[in-house]
Participant: 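Supplied in structure tokens, the structure appears directly below.
Quick note: numbers below take in every heavy atom, side chains included, and nothing from hydrogens, waters or symmetry partners.
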Amino acid sequence: MTNFDEEAPQWDTPIRLERTRALAAQMLSQMSPLPGGPDGVTVVDLGCGTGVLGSSFARGLVDARGGDCSVTVVGVDPSAQMRERASERGLLVVDSLEVAQQFAPVDVIVSSMAFHHIDDVAGALASCTALLRPGGWLFVADLDEGQEFFHAHLDTPIDGFNRDGFVEALESAGLSGVTIDDGFVGSKPDHADSTISHAYTVFLASARALAGQ
């Protein structure tokens with residue numbers, strides 16, 4: 001298992017920054033209409049790490065609305081050192097989805113490369129549904145199945161997700177309007193031999209909380 005407290009100081013590698021910012025832009029491009037109003041927008045970044053996704057998404061949303069938008073980002077991460085760095089990027093930080101429920105209902109939940117570290121995916125999705133306002137958005141970016149090399153040196157709960165299965169999990173959590181698209185293609189050096197690189201793919205799933213819930 002990755003020790004995220006130890007990894008936090010060197011976490012923001014160029015490829016992670018590129019991937020996360022690209023995914024934030026793709027998430028924003030799928031939202032219509034954009035959220036916003038006199039009460040502002042609340043975004044939860046699930047598995048926020050150093051806060052790159054949440055802060056990039058918030059900045060993009062403000063820019064897309066011509067500056068006429070107030071955005072609060074709540075970062076959720078069990079790692080204290082990751083939360084400290086996310087706080088430096090302006091996120092409010094908590095250590096679990098249960099604690100994040102105090103901010104409900106929220107407008108948007110974003111997550112990148114976090115769900116394959118979660119033991120209870122169905123439970124996490126149910127918590128996301130409970131956290132969203134009616135009509136709120138959930139975006140999840142994560143590894144496609146069959147990419148065991150990505151974490152070959154680690155003991156992660158999940159190596160990747162079957163896209164159809166993830167769509168079913170979102171729908172089973174009570175979410176609607178589910179879509180799943182290509183999110184990012186990257187390259188990762190082999191853990192045992194850095195002269196070898198493996199291409200990997202990330203999907204981007206989106207869904208909305210039912211208007212009546």
Side-chain angles (χ1 to χ4, degrees), residues 1-31 43-64 73 75-91 93 108-118 121 124 138-163 166 179-206:
M1 204 61 145
T2 301
N3 186 324
F4 289 104
D5 282 338
E6 290 184 358
E7 292 290 330
Q10 59 268 8
W11 189 255
D12 290 335
T13 61
I15 184 59
R16 284 195 178 110
L17 293 173
E18 176 191 0
R19 181 180 67 219
T20 307
R21 289 167 176 161
L23 289 167
Q26 189 173 346
M27 292 171 184
L28 278 166
S29 72
Q30 293 188 10
M31 299 181 71
V43 177
V44 168
D45 183 353
L46 175 55
C48 66
T50 61
V52 176
L53 180 65
S55 59
S56 298
F57 184 91
R59 186 166 53 251
L61 179 57
V62 171
D63 290 346
V73 183
V76 180
D77 204 288
S79 164
Q81 291 300 314
M82 290 291 193
R83 293 197 304 274
E84 181 178 331
R85 281 156 179 78
S87 179
E88 292 169 358
R89 282 195 163 96
L91 277 67
V93 292
V108 187
I109 300 173
V110 298
S111 181
S112 175
M113 303 294 279
F115 267 82
H116 63 265
H117 292 286
I118 296 175
V121 171
L138 170 66
F139 292 98
V140 177
D142 217 308
L143 291 167
D144 283 302
E145 65 179 344
Q147 302 184 107
E148 291 80 4
F149 63 84
F150 198 91
H151 288 308
H153 58 301
L154 300 173
D155 180 22
T156 52
I158 301 167
D159 291 316
F161 293 92
N162 174 275
R163 293 192 182 193
F166 201 77
T179 66
I180 195 159
D181 301 294
D182 296 336
F184 188 81
V185 178
S187 179
K188 184 180 177 71
D190 188 87
H191 177 68
D193 184 353
S194 61
T195 65
I196 300 173
S197 292
H198 302 278
Y200 67 89
T201 59
V202 174
F203 66 82
L204 176 60
S206 68

Participant: To the nearest 0.5 Å, how far apart are CZ in Arg163 and CG in Leu204?
Facilitator: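 Interatomic distance, Arg163 CZ to Leu204 CG, rounded to 0.5 Å: 9.5 Å.
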
Participant: For the pair Arg16 (side chain) and Trp11 (backbone), establish whether a donor and an acceptor sit closer than 3.5 Å, ignoring hydrogens and angles.
Facilitator: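 At least one qualifying donor-acceptor pair exists.
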
Participant: What are the two closest non-hydrogen atoms of Ala8 and Gln81, and how far apart are they?
Facilitator: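 Closest heavy-atom pair between Ala8 and Gln81: CB-CB, 3.7 Å.
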
Participant: Do the rings of Phe161 and Phe115 sit parallel, tilted or perpendicular, given the 30° and 60° boundaries?
Facilitator: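 Perpendicular: the ring planes of Phe161 and Phe115 meet at over 60°.
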
Participant: Hey, could you give me the CD1/OG distance between Ile118 and Ser111, rounded to the nearest 0.5 Å?
Facilitator: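 Here the rounded value is 6.0 Å.
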
Participant: Identify the residue among Leu53, Leu46, Val140, Val73 that makes a side chain to side chain contact (heavy atoms under 4.5 Å, CB included) with Val110.
Facilitator: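 Passing option: Leu53.
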
Participant: What is the minimum heavy-atom distance between Cys48 and Leu91, and which atoms define it?
Facilitator: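 So the minimum-distance heavy-atom pair works out to CB-CD2, 4.2 Å.
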
Participant: Working to the nearest 0.5 angstrom, can you tell me the gap between Met113 CE and Thr20 OG1?
Facilitator: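 Answer rounded to 0.5 Å: 8.5 Å.
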
Participant: Looking only at non-hydrogen atoms, find the nearest pair between Ala141 and Met27 and report the distance.
Facilitator: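 Taking Ala141 first and Met27 second, the nearest heavy atoms are CB-CE, 4.4 Å.
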
Participant: Please evaluate residues Phe57 and Asp45 with respect to the criterion side chain to side chain contact (heavy atoms under 4.5 Å, CB included), reporting the C-alpha separation (whole Å), side-chain torsions for both, the decisive distance (0.1 Å), and the verdict.
Facilitator: CA-CA 9 Å; Phe57 184 91; Asp45 183 353; over 6 Å; no

Participant: Do any N or O atoms from the side chain of Gln26 and from the backbone of Asp182 form a donor-acceptor pair under 3.5 angstrom?
Facilitator: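 Such a contact is found between Gln26 side chain and Asp182 backbone.
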
Participant: Show, in sequence, the C-alpha distance, side-chain angles and deciding distance for Leu61 and Met31, and conclude whether the side chain to side chain contact (heavy atoms under 4.5 Å, CB included) test is met.
Facilitator: CA-CA 10 Å; Leu61 179 57; Met31 299 181 71; 5.8 Å; no

Participant: Quick one: does Asp77's side chain have a donor or acceptor within less than 3.5 Å of a partner on Gly49's backbone?
Facilitator: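 Flag set: sc Asp77 to bb Gly49 pair under 3.5 Å.
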
Participant: Set out, in order, the CA-CA distance, both residues' side-chain angles and the distance that settles side chain to side chain contact (heavy atoms under 4.5 Å, CB included) for Met82 and Asp5, then state yes or no.
Facilitator: CA-CA 6 Å; Met82 290 291 193; Asp5 282 338; 5.6 Å; no

Participant: Ser206 and Thr179: which non-hydrogen atoms are nearest, and at how many Å?
Facilitator: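 Here Ser206 and Thr179 meet closest at OG-OG1, 2.5 Å.
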
Participant: I need the minimum non-hydrogen distance between Val93 and Ser87, along with the two atoms involved.
Facilitator: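 Of all heavy-atom pairs spanning Val93 and Ser87, the closest is CG1-N, 4.0 Å.
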
Participant: When you measure from the side chain of Thr201 to the backbone N and O of Asp144, does any donor-acceptor pair fall under 3.5 Å?
Facilitator: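 No, Thr201 side chain to Asp144 backbone: no donor-acceptor pair under 3.5 Å.
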
Participant: Just do the side chain to side chain contact (heavy atoms under 4.5 Å, CB included) check on Asp142 and Phe203 with the steps written out, would you?
Facilitator: CA-CA 6 Å; Asp142 217 308; Phe203 66 82; 3.9 Å; yes

Participant: What are the two closest heavy atoms between Leu23 and Ser112, and how far apart are they?
Facilitator: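 Shortest heavy-atom contact: CD1-OG, 3.4 Å.
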
Participant: Using the six-membered ring wherever Trp is involved, compare the ring planes of Tyr200 and Phe184 and label them parallel, tilted or perpendicular (cut-offs 30° and 60°).
Facilitator: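 Tyr200 vs Phe184 ring planes: tilted.
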
Participant: Between Asp12 and Arg89 (salt bridge meaning N to carboxylate O under 4.0 Å), is one present in this structure?
Facilitator: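 Yes, this pair counts.
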
